[in-house]
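All values derive from a computational prediction rather than experimental measurement.
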Amino acid sequence: MSLSWISQDLPQAFDPDRVTHAFERWNALGDKPAFESLSDKIGEIASNPEKSAVLAALFGNSPYLTNLCLRDPDIVCDIFDHGLDQAFADALAPVRKSADARDVDQPTTMGMVRRAKRRAALVIAIADICKAWPLEKITRAISETAERTLDFTMAHCLSAVAKMRKYDLPNPQNPLEGSGIFCIGMGKLGAGELNYSSDIDLIFLYDQDVVTYIDPDRIHQDLVRMVRDITRIMEERTGDGYVFRTDLRLRPDPASTPPIMSMIAAETYYETVGQNWERAAMIKARIVGGDHVAGDTFLEILRPFVWRKHLDFIAIQDIHSIKRQINAHKGGSKINIPGHNIKLGRGGIREIEFFAQTQQLIWGGREVALRGKATCDTLRTLTEFGQISEQVRDEMLAAYEFLRTVEHRLQMINDQQTQTLPDTDDGLRALATFLGYDTLDAFKADLLLHLRNVENNYAELFEDDVPLAGSAGNLVFTGTEDDPETLENLRSMGFENPQNVSVTVRGWHHGRYRATRSRRAREILTELMPTLLGALAKTTNPDMAFRAFDEFLKGLPAGVQLFSLFTANPQLLELLAQIAGTAPRMAKYIGRNAAVLDFVLMSGFHEELPDADAMMAELDERLSREDMVEDWLDAARRWANDQKFQIDVQTIQNRHTPHQAGRALADVADVAIRALFPRIADDFAAKHGRFSDGGLAVFALGKHGGQELSPGSDLDMVFIYDAPEDDEESDGEKPLSPGHYYIRLSQRYINALSAPTAEGILFETDLRLRPSGSKGPLATHFKSFVAYQNNEAWTWEHMALTRLRAVYGPKALCDKVLATTHDVLCKQRDPDQLVRAVFDMRNRMDAGKGDNHPWAIKMRRGGLVDLEFIAQYLQLRHAHDHPEVLSPTTREVFKNLGTVGILDAEDAEFLANASSFWLALQAMLRLTTEGPFDPEKASEDLQKMLANAGKCDDFAALQDKMEKTATRIKAAYDRIIAQPAEKIAPPDPPQ
C-alpha cells in the first residue's frame with residue numbers, strides 16, 4: 001500500500017521522552033495474546049521511518065491519541081495496510097446498518113458504538129495530522145461517525161421499547177423505518193462540520209399521526225425515557241470511553257419542554273414564537289437519525305419559517321438589532337492570544353459562521369442556492385451572487401480552515417471540548433509544535449493575521465449599525481451558549497452572577513412570559529437591552545434589581561406597548577430600575593398594573609402631591625363617562641392606582657414628609673369614597689327607593705381618620721345612619737326597613753372599595769371598630785351610636801374614637817355624630833380608672849401581638865402603638881378641661897398638648913417628630929420589603945433610602961436614632977401611663 005498520503009512536514013514531537021516511552025509500550029503490544037497475530041506488523045511499523053514518524057507525531061503531542069493507538073493497534077495496522085479511507089469504513093462497519101441493533105442488548109450496544117467512535121476518531125486524527133484529507137472531509141467524517149453511532153443507538157432503544165409491547169413497529173426488521181420518530185442534527189452536526197471533540201446538538205421529534213402506541217396515555221412518558229436512554233448511551237463514560245456528548249438545548253424553549261416533542265408542538269412553537277436566531281440555526285438542520293421520511297417532511301413544513309419568500313424587513317431589523325448588540329471592531333482592537341477563545345472570541349469561528357448565516361437569512365428566501373448548510377460553501381455562493389468580494393471570501397475561507405485546524409489540535413491533545421488557547425507560553429509552544437510550527441512567534445503571527453481579517457470583514461457587516469452596547473462591549477443573548485465577552489461585560493457592569501442574567505434574558509427571548517410572546521415585543525426588547533441593563537447596573541445591587549425586573553416582566557400581560565414606551569422615554573426605564581432595585585413589591589405591582597407608567601409622563605408627577613379638590617374633579621369627570629356600576633368600580637380603581645403610585649414613587653424618592661404622604665393617601669381614599677358612594681346610593685335607590693330624611697354617613701377611624709395612611713393600609717370605617725321615626729320602609733319598588741336598607745347599602749359601599757375586579761381592589765376595609773365590633777350590624781342607627789358610646793363602650797373604644805373623622809354623608813348627620821363624639825371624648829373620667837384601663841389594654845396587646853424586633857415599627861415598645869396610646873390617653877384624660885387638644889392626627893395631638901401645657905414644649909416637640917419618624921420608616925418598609933425586615937440582607941440602596949427617610953446621614957446613624965427614639969418614647973409612656981397605673985390595683989375580674 002502506498003504511503004504517499006503521509007505528509008513530509010509532520011509535526012515534531014514536543015515531548016521526546018513521551019515518544020520514547022510510548023514506543024516501548026507499542027513494541028510490547030506484540031507480546032500480548034490479544035495482538036499476537038499482529039506482532040510482525042507492530043514491529044515493522046516501529047522500524048519503518050515513514051510509519052514511525054506518524055506515530056511519533058501522535059506520541060509526542062497527544063496523550064489521548066497515544067492511548068488510542070496503544071488500545072487499538074489493529075486499526076493502526078489497518079491504516080498502513082489498506083489506507084485511510086478503507087480503515088475509516090472498517091471502523092464504522094459494525095454500526096453502519098442500524099437494523100443490526102434490533103437484537104443487541106444494551107451493554108453490547110454501548111460497547112459497539114464506543115469502539116466504532118474510538119477507532120474512527122484515530123483514523124480521522126491521523127488523516128488530519130498527515131494532511132491527507134482536506135478540512136471538509138475531516139469534519140464530514142467526524143459527522144458521519146456521530147450519525148452512524150446515533151442511528152444505531154436509536155434503533156436499539158426503539159426496539160427495546162417495542163419489545164416491552166408498548167409500540168407497534170411498522171417494520172420490526174428495520175426498527176427506524178416508518179417509525180415516525182426522528183432526530184434532527186443541528187449546528188455543526190447538521191452542516192457536516194463537527195469538530196474533533198464536539199457536542200452534538202440534537203432535536204428529537206415524533207409524528208403524532210404515525211406513532212401507533214399500545215398505551216396512548218403513556219406515549220409521552222415512555223418516549224421521554226427512550227430519549228434519555230439514547231443520550232445516556234451516547235455520552236456516559238465507561239471503560240470503553242464515551243461516544244459523543246449530546247446537547248438538546250436547541251429544541252423549542254428547552255427550559256420548559258421535554259426532551260422529545262410532537263411535530264405539531266414544535267411546528268406551533270416555530271410559527272408563533274420562533275426567533276430569528278432559531279431561523280439561523282435551522283439553516284443547518286438535517287435529519288441524522290431515525291425515520292428520515294417523517295423527518296424530511298417536518299423540515300419541509302418548516303421551510304417557510306426559515307426561508308421567507310420576500311425580503312422580510314422586520315426580520316432584517318431584528319438581525320440588525322442582534323448585530324448592534326455586538327461591539328464589532330475594525331482594526332486596532334487588542335486581542336490577547338494567551339487564553340483567547342478561537343470560537344467565541346474576536347475574529348473567531350463564530351464570527352465567520354454568523355457572517356454567512358445573517359446574509360443567508362436575508363437573501364436565502366429569494367436565492368435557493370444560498371440555502372446551503374456548510375459555511376465554506378455559503379461563503380463561495382455569496383461571492384457568486386455579489387454579496388461579498390473574492391478577497392473577503394478568500395480571507396474568510398483561509399481563516400476558517402486555519403482556526404478549525406487549531407481547534408482540532410487543541411481538542412486532540414487530551415480529548416477536551418475546548419476552543420480556548422493555553423494561557424502560558426509553554427502551553428502555546430506545545431500547540432504550535434503540534435500544528436507544525438518551528439517557533440511560537442510564527443504561529444502567533446499567522447493566528448493574528450487570520451483573527452484580524454475575520455474581525456475586519458465582520459465589522460464591515462456592522463458599519464451601518466450604531467452598536468446598541470455603545471463602548472461597553474458585547475451584550476449578546478442569542479443561541480444556547482453564553483457569549484464570553486457578554487459575561488465579562490456584565491461582570492464589569494456590576495452583576496455578580498452574569499451567567500444568570502444571560503440565561504434569564506435568553507428565556508425572555510424564548511417567549512416564556514406573556515409579555516415576550518410576540519415577535520415585535522422581543523425585537524423591541526432586544527433594542528432596549530443595553531439601556532435596561534445599564535439602568536439596573538446603576539443600582540447598588542444589580543443582581544437583586546435584575547431579579548425584581550424579571551418578576552415584573554413575568555407579571556406583565558403584554559409587552560409591545562410598554563417596551564415601546566420605554567424606548568421613547570428612557571427615564572421610565574431608569575425609574576423602573578430604581579424601583580426594581582429598592583422596592584420589589586412596587587415592581588410586582590407595576591407588573592400587574594403597567595398602565596400606571598403612562599401616568600409618570602404627566603407634568604408635575606415628580607414635583608407635586610395630588611390635590612384633593614383637583615382629584616375630586618378629575619375622578620368625578622371620569623365616572624360621569626360611565627353608566628354601569630362595574631365600569632364605575634374599574635374606573636375608580638384605575639384612577640386610584642395612578643394616584644397611589646405617584647405618592648409611592650415620591651415616597652421612595654424622599655420628595656415629601658411622611659405627614660404629607662399620609663395626608664395624600666387619605667385624600668385619595670376620601671375622594672374615591674365621595675365620588676363613588678353617591679352613585680352607588682343612587683343605583684341602590686333605583687330599586688329600593690329612599691327615605692324622606694336622614695341618610696347614611698361614613699366615618700374614618702385609625703390611620704385613615706388621622707390622615708396618616710401608609711402604603712397598603714386598610715381603611716378603618718364606621719357607618720352610621722338616621723331615618724325619620726315614622727318612615728317604616730323606603731319608598732321604592734322593593735321597599736326595605738331602615739335597618740335593612742342601610743345595612744345592605746353599607747355592604748354595597750364596602751364591596752365598592754374592596755371587591756376585586758379586573759383592576760384589582762380599591763382599598764381593603766376594616767369595620768371591627770364599629771359599635772359592638774364584629775358582632776354588631778354593619779350600619780348603626782345614630783341613636784344606638786349615642787347610647788352605645790355613652791353607656792356601653794369600653795375605654796379602648798373611646799381611644800379609637802379620638803381619631804374619628806367624617807368622610808361622606810349628609811352634613812346634618814355628620815355634624816350630629818361629630819358633636820356626640822366630641823361630648824363623649826370631653827366627658828370627665830376617673831383618672832385612676834382611665835390610666836389603669838389604658839395600661840391593661842396595652843399589656844394585652846403586647847401579650848397577643850407584641851413584637852420587640854427593632855424593625856417592628858408599629859408593635860415594638862417605644863414604637864407607633866406606644867405613641868398612639870400616649871396621645872389617646874392624654875386626650876381622654878384632659879379633653880374635659882382642654883377640648884382644644886382633640887385631633888384625629890397623632891402629630892397634631894402632641895402639638896396641642898404642648899400648647900396648653902399638659903406636656904412641656906420639648907417633650908411635645910419630640911413626640912410629634914417621633915410620630916413622623918416612625919411613619920416615614922413604616923411607609924418606606926411597606927413599599928420596599930416583604931415579610932420582616934432584615935438589615936443584614938438589605939441592599940445599600942435600601943439602607944440609604946431608609947436613612948434618608950429617617951433624616952440620618954447613614955444607616956448606622958439611623959439604627960442609633962431608632963434605639964434612642966424608642967427608648968425615649970418608652971420612658972415617656974412609663975412616666976405618663978405605666979408608673980401611675982402600676983400604683984392602682986387592677987379591677988376585679990368579672991364574676
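Proximity of Lys816 to Ile720: side-chain heavy atoms (C-beta onward) are nowhere separated by under 4.5 Å. Annotation: side chain of Glu884 is not in contact with side chain of Thr899 (no heavy-atom distance under 4.5 Å). Contact annotation: the side chain of Leu709 approaches that of Leu715 to within less than 4.5 Å [non-hydrogen atoms, C-beta and beyond]. Side-chain contact between Asp815 and Lys811 is present, with heavy atoms from C-beta onward closer than 4.5 Å. No side-chain heavy atom of Leu665 sits under 4.5 Å from any side-chain heavy atom of Ser710. Looking only at side-chain heavy atoms (C-beta outward), Phe699 and Cys814 come within less than 4.5 Å of each other. Within the 4.5 Å cutoff, the side chain of Ser713 has heavy atoms near those of the Arg926 side chain. By the 4.5 Å heavy-atom criterion applied to side chains, Leu804 and Leu825 are not counted as neighbours.
Checked by atom type, the side-chain pair Ser916/Arg891 shows a donor-acceptor distance below 3.5 Å.
Checked for salt-bridge contact, Arg638 and Asp642 miss the test: no charged N lies under 4.0 Å from a carboxylate O. Salt-bridge formation is not detected for the pair Asp627/Arg679: no Lys NZ or Arg NE/NH1/NH2 atom is positioned less than 4.0 Å from an Asp or Glu carboxylate oxygen. By the 4.0 Å N-to-carboxylate-O rule, Asp846 lies close enough to Arg861 to be salt-bridged with it. Salt bridge status for Asp716 with Arg803: absent, with no side-chain N to carboxylate O gap under 4.0 Å.
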request  = Could you walk me through whether Tyr873 and Ile976 pass side-chain contact (heavy atoms from CB on, under 4.5 Å), step by step?
outcome  = CA-CA 9 Å; Tyr873 162 70; Ile976 295 169; 3.8 Å; yes
Step-by-step side-chain contact (heavy atoms from CB on, under 4.5 Å) determination, Phe933 to Leu921 = CA-CA 11 Å; Phe933 175 71; Leu921 292 185; over 6 Å; no
request  = Just do the side-chain contact (heavy atoms from CB on, under 4.5 Å) check on Met859 and His853 with the steps written out, would you?
outcome  = CA-CA 9 Å; Met859 297 304 300; His853 187 280; over 6 Å; no
ask   = Stepwise, does the salt bridge (Lys or Arg N to Asp or Glu O under 4.0 Å) test hold for Asp631 with Arg622?
value = CA-CA 10 Å; Asp631 296 331; Arg622 285 197 192 188; over 6 Å; no
ask   = Which is it for Val629 and Ile680 under the side-chain contact (heavy atoms from CB on, under 4.5 Å) test, yes or no, and what are the steps along the way?
value = CA-CA 7 Å; Val629 174; Ile680 301 295; 4.1 Å; yes
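A distance-only check finds a donor-acceptor pair linking the side chain of Glu797 to the backbone of Trp794 [under 3.5 Å]. The main-chain N or O of Val807 is found under 3.5 Å from a side-chain atom of Arg674 such that the two form a donor-acceptor pair. Side-chain N or O atoms of Asp727 include none that pairs as donor or acceptor with a backbone N or O of Pro738 at under 3.5 Å. Under a 3.5 Å cut-off, the side chain of Arg637 and the backbone N or O of Leu633 do form a donor-acceptor pair. Of the possible polar contacts, none joining the Thr795 side chain to the Val838 backbone as a donor-acceptor pair under 3.5 Å is found. Arg829 places no side-chain N or O within 3.5 Å of a backbone atom of Leu834 that could act as its donor or acceptor partner. Side-chain N or O atoms of Arg877 include none that pairs as donor or acceptor with a backbone N or O of Pro831 at under 3.5 Å. Side-chain atoms of Trp918 come within 3.5 Å of backbone N or O of Gly862 as a donor-acceptor pair. Between the side chain of Ser737 and the main chain of Glu729, no donor-acceptor pair closer than 3.5 Å is present. At least one donor-acceptor pair under 3.5 Å links the side chain of Trp632 to the backbone N or O of Glu626.
Sparse packing is recorded around CD of Glu725, with 12 or fewer heavy atoms of other residues, nucleotides or ligands lying under 6.0 Å away. Heavy-atom neighbours of His882 NE2 from other residues, nucleotides or ligands within 6.0 Å: above the threshold of 12. Heavy-atom neighbours of Lys687 NZ from other residues, nucleotides or ligands within 6.0 Å: at or below the threshold of 12. In Arg768, the CZ atom is not crowded: 12 or fewer heavy atoms of neighbouring residues, nucleotides or ligands sit closer than 6.0 Å. Counting heavy-atom neighbours within 6.0 Å of Glu909 CD, excluding the residue itself, gives a total of 12 or less.
Residues meeting the ring-ring contact (aromatic ring centres under 6.0 Å, His included) test with His798, sequence neighbours left out: none. Take Phe684 and apply the ring-ring contact (aromatic ring centres under 6.0 Å, His included) test, not counting sequence neighbours, and it matches His688, Tyr741. Under the side-chain hydrogen bond (donor to acceptor under 3.5 Å, both in side chains) criterion, Asn751 pairs with Gln747, not counting sequence neighbours.
Here the CG-NZ distance, from Leu919 to Lys858, works out to 11.5 Å after rounding to the nearest 0.5 Å. The CD1 atom of Ile857 sits 5.5 Å away from atom CG of Leu925, with the distance rounded to the nearest 0.5 Å. Separating the CD atom in Glu708 from the CZ atom in Arg663 is a distance of 11.5 Å, to the nearest 0.5 Å. Between the CG atom in Leu778 and the CD1 atom in Ile750 there is a gap of 4.5 Å [rounded to 0.5 Å]. Gln875 CD to Thr802 OG1: the interatomic distance, rounded to the nearest 0.5 Å, is 4.5 Å. Interatomic distance, CG of Leu864 versus CD1 of Ile969, reported as 8.0 Å (0.5 Å rounding).
Under the 30°/60° scheme for interplanar angles, the aromatic rings of Tyr808 and Phe677 are found to stand perpendicular. His781 and Tyr721 have perpendicular rings, their planes meeting at more than 60° on a 0 to 90° scale where under 30° would count as parallel.
The nearest pair of heavy atoms linking Phe894 to Ala871 is CZ-CB, 3.8 Å. Ala949 and Ala920 make their closest contact through O-CB, 3.6 Å (heavy atoms, listed as atom of the first residue, atom of the second, distance). Listed here is the closest heavy atom pair of Ser624 and Glu621: OG-O, 2.6 Å. Of all the heavy atoms in Ala636 and Leu762, the pair that sits closest is O-CD1, 3.5 Å. Listed here is the closest heavy atom pair of Arg860 and Arg842: O-NH2, 4.0 Å. The two residues Pro711 and Asp648 have their closest heavy-atom pair at CG-OD1, 3.8 Å.
For the pair Lys644 and Phe763, the cation-pi criterion (under 6.0 Å, within 45° of the ring axis) is fulfilled.
Aromatic ring centres of Tyr742 and Phe691: separated by under 6.0 Å.
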